[in-house]
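Reckoned from all heavy atoms, side chains included, excluding hydrogens, waters and symmetry mates. Please read these numbers as outputs of a predicted model, since none were measured by experiment.
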Amino acid sequence: MSSPSHNKGLHSVEPLHPEVGAEIRGVDLASHLDRSTIDLLHTLWMKYLVLVFPDQSITDEQHICFGRKFGDLEEHPSRAHRSSLNKEIYRVSNVDETGNIIPSNETAWQYINLSWLWHTDSSFRKIPSKGSILHGIQTTKKGGHTRYANMYAAYEGLPKNKRKQIDNLWVIHDHDFIIKQSAELSNKPDKGDYEALPPVRHPLVQIHPITGRRSLFLSPHTMVGIEGMADMKGRDLLDELIVHTVNPKYVYTHVWTNDDVLMWDNRCTMHSVEPFDNLNIRRVMHRVTLVGENYPIPARQNK
Ligand code: OGA
Ligand code: MN
């Protein structure tokens, strides 16, 4: 691992894993950041995929303001998880807005539990999110770590014949598939209050619009199957790719400290939360989600 380097005296940048993640110090996300600082952060973001900013005690409004420097913000389709004060804030939390741990038989608790599965944010949208910025407000070190996989490296690590086999495949993604993966949620009449989202199709191998690099686009919690392939065959291939990708050589695991802010690129990473005792431990995270700007670019156009 390389030692900290310095850029323009503004930031110290320390890689956290050989493939993904860097810690950035010396920047105050609550302050007015000029264009050159934002451009520099953007360059670092494209290089490291996940940026970790420690010691950022920001308000939701400052969080939103920082997010907007990188583009428009989504409103999460789960209405129950939007902050009542700021609709751009998605509350990834087992604690309700009055500070109580949500009972485990409630839909809101069960939906959040699904972030323990590997996924990519907003893969259920026609244009998935570009990136997410998550503020750890109340965190724990007893589990609840967040894992990030580098999907460029995972793609590049596949044998050549496998890359050729998958380069022009398309995957069906569906928000309803998330709910199907929770036995409790599937069996309930109240599955929650979500915006209507029809299934969508995304290329399995995509070209990043900024870096031009190829990466796998996997989101196990929304992937129904591969277009034009028998269900079982499609699932088997996706499962094989997931197992390949979650190898520690492609994955950085973040152990949270309160007021860490993490910013990741959804076009070339996927993530999951490690289980923790969510019946007893409070974990409050606020997220803003950057709207994707373009349809994902397929690695091969001949489809
Ligand atoms: C998210 C998510 C990560 C976490 O915010 O997109 O999946 O650490 N949660 O809670
Ligand atoms: Mn997520």
Side-chain angles (χ1 to χ4, degrees), residues 77-78 107 110-129 147-189 191-192 194 196-208 214-251 266-275 292 295-303:
S78 172
T107 304
Q110 289 157 5
Y111 187 78
I112 284 299
N113 244 21
L114 293 165
S115 62
W116 293 8
L117 302 172
W118 282 96
H119 65 278
T120 303
D121 296 334
S122 297
S123 54
F124 42 73
R125 293 191 192 277
K126 267 194 190 152
I127 300 185
S129 151
R147 298 173 281 213
Y148 295 90
N150 178 333
M151 306 304 279
Y152 297 130
Y155 175 75
E156 287 155 12
L158 288 169
K160 199 168 171 207
N161 62 340
K162 181 62 72 180
R163 279 182 268 150
K164 213 165 156 218
Q165 181 198 348
I166 66 171
D167 265 354
N168 65 358
L169 296 177
W170 288 72
V171 178
I172 307 298
H173 293 256
D174 192 348
H175 184 262
D176 284 355
F177 193 71
I178 302 179
I179 290 155
K180 291 209 182 87
Q181 294 188 65
S182 158
E184 297 114 312
L185 271 179
S186 315
N187 293 327
K188 281 178 129 165
K191 299 192 190 332
Y194 312 106
L197 290 158
V200 294
R201 62 198 284 273
H202 295 309
L204 176 55
V205 182
Q206 307 191 352
I207 296 179
H208 194 289
R214 285 175 184 219
S215 70
L216 278 176
F217 186 79
L218 298 175
S219 188
H221 82 344
T222 60
M223 295 193 300
V224 180
I226 296 181
E227 210 173 68
M229 225 184 244
D231 286 357
M232 281 311 289
K233 204 168 161 235
R235 280 288 354 150
D236 286 351
L237 177 53
L238 292 172
D239 287 345
E240 178 192 329
L241 295 171
I242 295 163
V243 169
H244 163 80
T245 299
V246 301
N247 185 313
K249 73 179 171 196
Y250 305 126
V251 174
N266 284 311
R267 299 163 295 192
C268 53
T269 63
M270 71 168 179
H271 59 277
S272 66
V273 179
E274 286 187 2
Y295 283 103
I297 306 166
R300 270 211 245 154
Q301 308 282 357
N302 57 343
K303 171 75 205 206

From CA spacing to verdict: salt bridge (Lys or Arg N to Asp or Glu O under 4.0 Å), Arg214, Glu156 = CA-CA 8 Å; Arg214 285 175 184 219; Glu156 287 155 12; over 6 Å; no
How far apart are the C-alpha atoms of Ser78 and Tyr111, what are their side-chain angles, what is the distance that settles it, and do they pass the side chain to side chain contact (heavy atoms under 4.5 Å, CB included) test?
-> CA-CA 9 Å; Ser78 172; Tyr111 187 78; 3.8 Å; yes
Check against side chain to side chain contact (heavy atoms under 4.5 Å, CB included), Leu204 and Leu241 = CA-CA 10 Å; Leu204 176 55; Leu241 295 171; 3.9 Å; yes
Using the ring pair (Phe, Tyr, Trp, His ring centres under 6.0 Å) rule, take Tyr155 and His244 through it: C-alpha gap first, then chi angles, then the decisive distance, then the call.
-> CA-CA 9 Å; Tyr155 175 75; His244 163 80; 9.5 Å; no
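Between Pro203 and Phe217 the shortest heavy-atom distance is O-CB, 3.7 Å. Contact record, Tyr152 with Cys268: CZ-CB, 3.6 Å, taken as the closest heavy-atom pair. For Thr245 against Ala154, the heavy-atom pair with the smallest separation is OG1-CB, 3.7 Å. Shortest non-hydrogen contact noted between Pro128 and Pro296 is CD-CG, 3.8 Å. The heavy-atom pair separating Thr222 from His173 by the smallest distance is OG1-ND1, 2.8 Å. The shortest non-hydrogen separation linking Leu158 to Lys162 is CD2-CG, 3.9 Å.
His221 pairs in a side chain to side chain contact (heavy atoms under 4.5 Å, CB included) with only one of the listed residues (Leu117, Ile179, Thr120), which is Leu117. For the side chain to side chain contact (heavy atoms under 4.5 Å, CB included) with Met223, the qualifying choice from Ile242, Ile172, Asp174 is Ile242, the only one to do so.
Looking at heavy atoms from C-beta onward, Trp118 lies in side-chain contact with Val246 at the 4.5 angstrom threshold. Between Met270 and Met151 there is a side-chain heavy-atom pair separated by less than 4.5 Å. A heavy-atom distance below 4.5 Å is not found between the side chains of Asn150 and Thr269. For the pair Val224 and Asp231, the minimum side-chain heavy-atom distance is 4.5 Å or more. Using a 4.5 Å cut-off on side-chain heavy atoms (C-beta onward), Ile226 and Leu237 make contact.
By the 30° and 60° cut-offs, the orientation of the rings of His271 relative to His119 is perpendicular.
A donor-acceptor contact shorter than 3.5 Å is absent between the side chain of Asn247 and the backbone of Tyr250. Judged purely by atom type and a 3.5 angstrom limit, Arg300 has no side-chain atom pairing as donor or acceptor with the backbone of Ile166. Distance alone, capped at 3.5 Å, places no donor-acceptor pair between the His175 side chain and the Arg125 backbone. Not one N or O on the side chain of Gln181 forms a donor-acceptor pair closer than 3.5 Å with the backbone of Ile178.
Taking CD from Gln206 and NE2 from His208, the interatomic distance works out to 9.5 Å, rounded to the nearest 0.5 Å.
A centroid separation of 6.0 Å or more is found between the aromatic rings of His202 and Phe124.
Using a 4.0 Å cut-off between charged side-chain N and carboxylate O, Arg163 and Asp167 make no salt bridge.
Defined by atom type and a distance below 3.5 Å, a donor-acceptor pair is present between the side-chain atoms of Ser123 and Ser219.
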